[in-house]
Amino acid sequence: DLSGNPFFCDCNLAWLPHWVEERNVKVSRPSETQCAQPLELADLPVFNVSFSDATCGADYVACLPDNSTGGAESVVRFTSRLPQNLTEEMCSALCYADGQDYGGFSEEADCFCGFALEPNVSSGCLPFCARPLAGPLCGGPMLLSRVFPAVLPVSLEGPRTPCNAYQEVAFILHLPVAVGTIQWDLGDETGLFNTTKTIVLQVYTLPGLFNVTATVFVSNRFISAQTKIEVLASPEEMALQCPSLVKTNESLQLHIRNRGGTGLSVAYNITVQDQEPGRVVIPGCPSDSVVFPGNRHCYWLGAEKAEWLEAQRLCQEHGSGSLAFVSSPEIQSFLVSSVTR
């Protein structure tokens, strides 16, 4: 019965579990035979602590859990060490750029990079995952609890709005770390080309919707990012077609013939001739409203005073308008002249 003893579970105690196992000694109350020191092993049964002197091929390892059993499925062996105070994203990206599969942090916040061992190699390291370690003083590895896959987040940014043919545009590849070769495919007839630059300029000569891809090559792996760009062409020739005569209260059909242009939108207005000079009719504006030439907005002036909410209601009922506060002196002068005219 060894219970109640304040065992110091370091390498000097490694002989005890081996002696019990070799001599087939029966220990009374083994679960109460516990470590008192060091603190990270306090209250753990002595016979559940690993005093192995194996190194597992690395000073730092991590255990990847098996979700189905709750135990360890494989082991990550860390082979490189990076500076402290890195974010998880930066540590992960640097490990990916180093050709590693995983990143991890030690208790001192050092970033480590490593790879998962093959199942036939992991078998020698799995005992370190099954039982608490007596620490690297026994020759065993340090176990990292914070481990994550090594990934390289990339994003490709291009123009947010359509651009014109023969207009120079820029594409920017966002990367957290510097990499080697970047392969660009701009989606047109220029073909693939390699560079180390993360910003490229391009001039499209034809209209259309183009898929742009940037592929980053790191070691024997690659990762891609995509975006789209719409290129428009200005019309070489345009013609407005409208009837020479239209009856009152009849719909007016207008046609625009365009040669060579793409992605066009049309804004139009109708000017009344041989009546009030300069009077403009804007489709959608009430017939009793006035149009300010400077912004092509139509204004309607109520004849009676009203509270703010009541005025809002009147504007909404009259042509679905909005109540406006006019601060521009030019518009104020125009509206005053329209009222007194």
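All residue numbers in this chain count up from 1 along the given sequence.
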*For the residue pair P162 and L232, what are the closest heavy atoms and their distance?*
CB-CD1, 3.8 Å
*Atom CZ of F334 and atom OG of S328: how far apart are they, to the nearest 0.5 Å?*
11.5 Å
*Can you tell if the side chain of L335 reaches within under 4.5 Å of the side chain of V326, non-hydrogen atoms only?*
yes
*What closest approach, in Å, do V177 and A97 show between heavy atoms, and which atom pair accounts for it?*
CG2-CB, 4.2 Å
*Mind checking whether T33 and N5 have side chains closer than 4.5 Å, heavy atoms only?*
no
*Enter the distance from C95:SG to F148:CZ here, rounded to the nearest 0.5 Å.*
6.5 Å
*Kindly confirm or rule out an SG-SG distance below 2.5 Å between C113 and C91.*
no
_I'd like to know if the side chain of T213 reaches the main chain of D185, judged simply by a donor and an acceptor atom lying under 3.5 Å from each other, with no hydrogens or angles considered._
no
*Name the orientation class of the two ring planes belonging to F193 and W184 (parallel below 30°, tilted from 30 to 60°, perpendicular beyond 60°).*
parallel
*asked:* Is it true that, when you exclude E89 itself, more than 12 heavy atoms of the residues, nucleotides or ligands shown sit nearer than 6.0 Å to its CD?
replied: no
_Starting from M238, can I reach L240 by hopping between I/L/V/M/F/W/Y residues whose side chains sit under 4.5 Å apart?_
yes
*Can you hop from V154 to F217 via hydrophobic side chains spaced under 4.5 Å?*
no
*Hey, does L86 have a side-chain heavy atom less than 4.5 Å from the side chain of L82?*
yes
*asked:* Would you say that I182 contacts N194 through its side chain, given a criterion of any heavy-atom pair below 4.5 Å between the two side chains?
replied: no
*What's the shortest heavy-atom distance between F210 and G187, and which atoms?*
CD2-O, 3.4 Å
*asked:* Is it true that, when you exclude E317 itself, more than 12 heavy atoms of the residues, nucleotides or ligands shown sit nearer than 6.0 Å to its CD?
replied: yes
*Are any of the side-chain nitrogens in D101 or R221 under 4.0 Å away from the carboxylate oxygens of its partner?*
yes
_Show the nearest heavy-atom pair for residues V46 and Q34, with the distance to one decimal._
CG2-C, 3.8 Å
*Linking I/L/V/M/F/W/Y whenever their side-chain heavy atoms sit closer than 4.5 Å, directly or via other members, would L206 and L186 fall into one cluster?*
no
_For the student: nearest non-hydrogen atoms of S28 and D1, plus distance_ = O-OD1, 3.9 Å
_Between V76 and L64, does the side chain to side chain contact (heavy atoms under 4.5 Å, CB included) criterion hold? Intermediate values first, please._
CA-CA 7 Å; V76 175; L64 300 179; 3.8 Å; yes
*Is the backbone of A233 close enough, under 3.5 Å, to the side chain of T262 for a donor and an acceptor to pair up by distance?*
yes
*asked:* I'd like to check L143 versus V61 (side-chain heavy atoms, cut-off strictly below 4.5 Å). Are they in contact?
replied: yes
*Is there a donor-acceptor pair under 3.5 Å between the side chain of N258 and the backbone N or O of G261?*
yes
*Write down the atom of T79, the atom of Q100, and the distance for their closest heavy-atom approach.*
OG1-NE2, 3.0 Å
_Within residues 141-162 or reaching into it, pairs that qualify as side chain to side chain donor-acceptor pair (under 3.5 Å) - sequence neighbours excluded_ = E88-R146, E157-H174
_With heavy-atom distances below 4.5 Å as the criterion, would you say the side chains of V25 and W19 are in contact?_
yes
*Once the angle between the rings of F78 and F112 is folded into 0 to 90°, is it parallel (under 30°), tilted (30 to 60°) or perpendicular (over 60°)?*
perpendicular
*Apply side chain to side chain contact (heavy atoms under 4.5 Å, CB included) to the pair V291 and H297, showing each step before the final yes or no.*
CA-CA 6 Å; V291 177; H297 292 172; over 6 Å; no
_Nearest 0.5 Å, please: how far is OH in Y102 from OG in S92?_
11.0 Å
*Same cluster (ILVMFWY, side-chain, under 4.5 Å), V212 and I223*: yes
*Spatial distance of atom SG (C163) from atom CD1 (I229) [nearest 0.5 Å]*: 3.5 Å
*asked:* To the closest 0.5 Å, what do you measure between CD (E230) and CG (L209)?
replied: 6.5 Å
*Q332 side-chain N/O to P329 backbone N/O, donor-acceptor pair under 3.5 Å*: no
*For S224 and T215, does a side-chain donor sit closer than 3.5 Å to a side-chain acceptor?*
yes
_A side-chain contact here means heavy atoms from C-beta on lying under 4.5 Å apart; do F292 and Y299 qualify?_
yes
*Start with the C-alpha distance between T205 and Y166, add both sets of side-chain angles, then the distance that settles side chain to side chain contact (heavy atoms under 4.5 Å, CB included), and finish with yes or no.*
CA-CA 5 Å; T205 58; Y166 297 98; 3.6 Å; yes
*Would you say the side-chain atoms of Y204 pair up with the backbone N or O of E168, donor to acceptor, closer than 3.5 Å?*
no
_Determine whether R257 and Q241 satisfy the following criterion, side chain to side chain contact (heavy atoms under 4.5 Å, CB included), listing intermediate values before the conclusion._
CA-CA 8 Å; R257 298 187 62 181; Q241 296 179 335; 2.9 Å; yes
*Linking I/L/V/M/F/W/Y whenever any side-chain heavy atoms sit under 4.5 Å apart, do Y60 and F105 land together?*
no
*asked:* When you measure from the side chain of Q253 to the backbone of C242, do you find a donor-acceptor pair of N or O atoms at a distance under 3.5 Å?
replied: no
*Would you check if W300 and V290 make a side-chain contact, meaning some heavy-atom pair closer than 4.5 Å?*
no
*Find the distance between CD1 (I172) and CG (L156) and round it off to the nearest 0.5 Å.*
9.0 Å
